[in-house]
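Report on one structure; see the data block that follows.
Atoms within each ligand, like the ligands themselves, are counted from 1 in listed order. The structure presented is a predicted model; accordingly, all values stated were derived computationally and were not measured.
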Amino acid sequence: MNVLYTKDTQAIFWNNNQSAIQRMFDYDYVIGREKPSVACIVSPTATDKFDKFFYGPDEIMVPLFRNTAEAKKRFPKADVLLNFASFRTAYDVTIEALELGGFSSIMITAEGIPERLARKMNAIAKSKNVTIIGPATVGAIVPGAFKIANVGGIIENIINSKLHRAGSCGLVTRSGGLFNELSNIISINADGIAEGVAIGGDRFVGSVFIENMLRMESNPQVKYLVLLGEVGGTEEYKVIEAVKNGQITKPVIGWCIGTIAQHFSTGVQFGHAGASANADRETAIAKNKAMAEAGIHVPTSFNDLPKVIKDVYLSLNISPVVEPKLKEMPKSQKKKNFVCTISDDRGDEATYAGFPISSLATPETGKGIGDVISLLWFKKQYPKWATDFIETVIKTVADHGPAVSGAHNAKVTARAGKSVVESLVTGLLTIGPRFGGAIDDAAKYFKYGFDNNLSPKEFLEYMKKQGIPIPGIGHRIKSLKNPDKRVEGLKKFASKYFPQTPLLKYALEIEQLTTSKKENLILNVDGTIGILMVDMWRALGYGEEEINEFIASGTLNAFFIAGRTIGFIGHVLDEKRLQMPMYRHPFDDIIYDVQMADEI
Ligand code: ACO
Ligand code: LMR
C-alpha cells in the first residue's frame, strides 16, 4: 500500500458523530466523489435504521447498525474504521474490528486509552498488518480522495488550505491543531499536501512517524516530506536513521516543537500525554540538532519553517497543480420530510425499484404481477420460480365466495349505497387473526417451533401455553374429508419449484397431530402461504433477522390483502350491477336475549 486512502475508500464510522460525518460528506461533494466516504454508521443505541445527511443540495440516507460485525457484513468493502468511541470503549471497538478482519486502517480519536491497552492494541494491529492512526488524533487526509472527519476544519478552511486536491508534500505531525496550521503554511508556501497524517498525541500511538513516512516515500505523488515532531519520545530518531541509511531519499523538512522547555528549570509536560522529555535526547533541541546533522532541513526556529518549506519546494521544480473544478456548496439545504426507496416518478418515466414501468407492464416484457410485487415490496428482482409463486398466491386467494367474512361485509356495505372504495374497505377490515390475516402469525409461530427444534408435540404444548388457536390451523368448512384444493395447489407448486421446503415439512408433521384430534384442524390456506413464504425467503438467501422483520411488519398478510381485494371488488360490482336493495338481517336468525327494564 503506497497510499493511505483513494477516491474509492469507504469507512465505517463508529459512533453517530453527526457533525463530523457531515463534514466528510461536504468534502466528498465538493471534490466530486462518486461514493460517499462513509458507507454506514455503527451506533450501539440506535433505534432507527438510517440517518439523513446532506450531500450537497440533496439528502442521503446512511444506514445505522448496532455493532461493527453487522455493519461489516453489509459493507464488506468499507475497509477503514473511524473509531470515534470514548476512551472507555475505543479499545474494545478496535479489538473487535481487528478480530473481524477486513480493515486496512483504523483511526482512533479517543484520548486517554490506558497505555498498557494501547500497546497491546497496537501490537495486535501490527501483527495483522492494519495501520492504526491515533489514539488521540484528528486523523488523516489524502486531499482530493478521502478526508477523516474534522481534519482541516470546515469546507471554507479546507479550500483555503488547498486540502481539496493533491499537492506534493507528505505531512506528518503529532498534533491535530498543528496539522491544520501546517497544511495552511504549506498551501501558502508550496502547492499543498499529497497525504497527511496526525499520528496522535498519546505516548503509545499505532503507526508512528517512520511508518507513515516510509509509505509516503513510496507514494509517487509525494515529492518531499514535512515532519512536525515535538518534545518527548524518540520516534524522530527512527526517521533520522532512515534518512541516514537511505530508506528515505525524498527531501525531509523537520522541526520539533517544545524548544521553549529549555527556559524552564524543571521538566515540562506539554498538552499531549507523550509531550514530556524523560531524557536529554527526548528534548526538542536535541532532536532538532540530530535531524539537522542527518541532512534534514531544520529551520532555526518555528518562524522560519515556512521559508524552509518554500525553498525546498521551489528547488524541486515541481510542475504546478492543475486546479480541479470544484462543486459549489449550495447556499441553502432543505431537509426532506419523506423518504421513498421503492419508486421514482421524477424522470421521463416512473420506475419500480429502478425498472421503468414499460419494462414490466406489457406482455412482451414477460413480466407479471409477481415481478411487480417483488420490486415494489422487496426492492429485488426475484427469480422466476419465486415471482411465479407470489402470483400463484395472489390468484389463489382472490376470492372464496360470498359467504366468507370479508365478502359478506363488502356486499352489505355496497347494498347500503356506499361506493366501491368504501365497500372494499369494510371487506378489508375483516382481515385479521381469524380470517385471512393469520399468515404472519402462522409464519411466526411455526418458524419459532422449527428454529427452536420443538418436536410437533412440544410445539402444540407451547401453543397451548400461548392461549391462542394455532394460526394457520383449522377451517370452518375444509377438513381431511373435504380438503382445501388451494392448499394442495400451493404444496404441489412448492414441491415442484422450491429448492427445499423444510418449514412446510415441519408444519405437515404438526398437522398430523392436530387433525388426529379434529379433522378440520388442517393446515389452512393462511398457514400454507405463511410457511412457504418463509421457505421461499430462506431459499432466496434472506437472513433470519430480515425474515423476522417481514413477519413483524405484516408483509405476509399483505399477500392476502392484495389478492382478496380483487374478489371484494368483484362482489361490490356484483351488488351494484344487480342493483340490490339495502340488506336487513332477518329476526329469526338472531337470538334476542335482552332483559326487561324491571329486571334490571
Ligand atoms: N388450533 C388449535 N385448536 C383449534 C384451532 C387452532 N387453530 N382452531 C380450532 N381449534 C379447536 C378449538 O379450540 C375448539 O376446540 P374444542 O372443541 O376442544 O373447544 C375446536 O377446535 C373448534 O373451535 P372453533 O373456534 O369453533 O373452530 P372453527 O373450526 O369454527 O374455527 C377457525 C375455524 C376460526 C379458522 C379456527 O380454526 C381458527 O381460529 N384458526 C386459527 C386462525 C386461522 O388460521 N385463520 C385463517 C383461516 S383460513 C382463512 O381465513 C383464509
Ligand atoms: C377464505 O379464503 O376466505 C376462506 O378460507 C375462509 C372461509 O371461511 O372459507
Original post:
Going by distance alone, is a donor N or O of one side chain under 3.5 Å from an acceptor N or O of the other, for T94 and N83?
Top reply: yes

Original post:
R476 to ligand 2: N or O pair under 3.5 Å?
Top reply: no

**OP:** Answer yes if a protein heavy atom lies under 4.0 Å from atom 47 (C) of ligand 1, otherwise answer no.
**Re:** yes

Original post:
Within 4.0 Å of atom 20 (C) of ligand 1 (strictly less), any protein heavy atom?
Top reply: yes

Subject >> For F435, the ligand 1 atoms whose distance to one of its heavy atoms is below 4.0 Å >> reply: 50 (O)

**OP:** State the atoms of ligand 1, each with its element, that fall below the 4.0 Å cut-off from a heavy-atom position in G472.
**Re:** 43 (C), 44 (O)

**OP:** Could you find the nearest protein heavy atom to atom 27 (O) of ligand 1 and give me its residue, atom name and distance?
**Re:** N520 ND2, 4.8 Å

**OP:** Classify the side-chain pair D79/S104 by whether it contains a donor and acceptor separated by less than 3.5 Å.
**Re:** yes

Subject >> Verify atom 30 (O) of ligand 1: protein non-hydrogen atom under 4.0 angstrom away >> reply: yes

Subject >> Candidate with minimal heavy-atom separation from atom 43 (C) of ligand 1, of S405, G530, A438 >> reply: A438

Original post:
Measuring to protein heavy atoms, does anything land under 4.0 Å from atom 25 (O) of ligand 1?
Top reply: no

Subject >> Any P471 side-chain heavy atom under 4.5 Å of M463 side chain >> reply: yes

**OP:** Give the residue and atom name of whichever protein heavy atom lies nearest to atom 15 (O) of ligand 1, and the separation in Å to one decimal.
**Re:** K518 CD, 4.9 Å

Subject >> Under 3.5 Å side-chain donor-acceptor pair for D28 and S37 >> reply: yes

Original post:
Mind checking whether W377 and Y382 have ring centres under 6.0 Å apart?
Top reply: no

Original post:
To which of P433, G436, S479, G527 does the heavy atom nearest atom 42 (C) of ligand 1 belong?
Top reply: P433

Original post:
Under a heavy-atom criterion of less than 4.0 Å, does K478 contact ligand 2?
Top reply: no

**OP:** Could you tell me whether atom 1 (N) of ligand 1 has at least one protein heavy atom nearer than 4.0 Å?
**Re:** yes

**OP:** Check each heavy atom of N524 against ligand 1 and say whether those closer than 4.0 Å belong to the side chain, the backbone, both or neither.
**Re:** side chain

Subject >> Centroid-centroid distance, Y497 to F389, less than 6.0 Å >> reply: no

Subject >> Ring centres under 6.0 angstrom apart (Y448, Y462) >> reply: yes

**OP:** Determine, considering heavy atoms only, which of D526, L521, I529, I431 sits nearest to atom 3 (N) of ligand 1.
**Re:** L521

**OP:** Report the C-alpha separation of N16 and I21 in whole Å, then their side-chain angles, then the decisive distance to 0.1 Å, and conclude whether the side-chain contact (heavy atoms from CB on, under 4.5 Å) test is met.
**Re:** CA-CA 8 Å; N16 194 357; I21 296 168; 3.8 Å; yes

Original post:
If you count the atoms of ligand 2 from 1 in the order shown, which ones are under 4.0 Å from a heavy atom of R486?
Top reply: 1 (C), 2 (O), 4 (C), 5 (O)

Original post:
If you count the atoms of ligand 1 from 1 in the order shown, which ones are under 4.0 Å from a heavy atom of V525?
Top reply: 51 (C)

**OP:** Report yes if H475 has an N/O atom closer than 3.5 Å to an N/O atom of ligand 2; otherwise report no.
**Re:** yes

**OP:** Give the residue, atom name and distance (to 0.1 Å) of the protein heavy atom nearest atom 35 (C) of ligand 1.
**Re:** G474 O, 3.7 Å

**OP:** Do me a favour and list the nearest non-hydrogen protein atom to atom 3 (O) of ligand 2 with residue, atom name and distance?
**Re:** R564 NH1, 2.9 Å

Original post:
Mind checking whether I569 and S423 have side chains closer than 4.5 Å, heavy atoms only?
Top reply: no

Subject >> Trace of the side-chain contact (heavy atoms from CB on, under 4.5 Å) decision for T89 with F87 >> reply: CA-CA 6 Å; T89 9; F87 76 95; over 6 Å; no

Subject >> Nearest-neighbour protein heavy atom for atom 4 (C) of ligand 2, which is reported as residue plus atom name and distance >> reply: H400 ND1, 3.2 Å

Subject >> Backbone or side-chain N or O of P469 under 3.5 Å from ligand 1 N or O >> reply: no

Original post:
Which is it for I529 and V397 under the side-chain contact (heavy atoms from CB on, under 4.5 Å) test, yes or no, and what are the steps along the way?
Top reply: CA-CA 10 Å; I529 294 170; V397 300; 3.5 Å; yes

Original post:
Given the rule in the ring-ring contact (aromatic ring centres under 6.0 Å, His included) test, do F446 and F459 qualify, once you have shown the distances and angles that lead to the verdict?
Top reply: CA-CA 8 Å; F446 281 91; F459 178 72; 5.0 Å; yes

Subject >> Proximal candidate to atom 45 (N) of ligand 1 [heavy atom criterion; set H475, R434, H400] >> reply: R434

**OP:** Over all heavy atoms of both residues, which pair between E575 and A414 is shortest? Give the atoms and the distance, please.
**Re:** CB-CB, 3.8 Å

**OP:** Could you walk me through whether K7 and E34 pass the salt bridge (charged side-chain N to carboxylate O under 4.0 Å, His left out) test, one step at a time?
**Re:** CA-CA 8 Å; K7 223 171 174 169; E34 269 168 28; over 6 Å; no

Subject >> Validation row, ring centre F378 to ring centre F550 under 6.0 Å >> reply: yes

Original post:
Hey, are N548 and K447 close enough side-chain-wise for a donor-acceptor pair under 3.5 Å?
Top reply: yes

Original post:
Any idea which part of T514 is under 4.0 Å from ligand 1, heavy-atom wise: side chain, backbone, both or neither?
Top reply: neither

**OP:** Using a strict 4.0 Å cut-off to heavy atoms of V404, name the atoms of ligand 2 that fall inside it.
**Re:** 3 (O), 6 (C), 7 (C), 8 (O), 9 (O)

Subject >> Derivation and outcome, salt bridge (charged side-chain N to carboxylate O under 4.0 Å, His left out), residues E59 and K52 >> reply: CA-CA 6 Å; E59 274 185 300; K52 290 192 291 173; 3.8 Å; yes

Original post:
Applying a 4.0 Å heavy-atom criterion (strictly less than), which segment of I470 is in contact with ligand 1: side chain, backbone, both, or neither?
Top reply: both

Original post:
Hey, is atom 40 (N) of ligand 1 touched by any protein heavy atom at less than 4.0 Å?
Top reply: yes

**OP:** Please work out which of R486, R476, R564 has its closest non-hydrogen atom nearest to atom 28 (P) of ligand 1.
**Re:** R476

**OP:** Determine if the distance from atom 5 (C) of ligand 1 to the closest protein heavy atom is below 4.0 Å.
**Re:** yes

Original post:
Is P471 in polar range of ligand 1, meaning some N or O pair under 3.5 Å apart?
Top reply: no

Subject >> Check: T426/T413 side-chain N/O donor and acceptor closer than 3.5 Å >> reply: yes

Original post:
Quick one: nearest non-hydrogen protein atom to atom 36 (C) of ligand 1, plus distance?
Top reply: I473 O, 4.2 Å

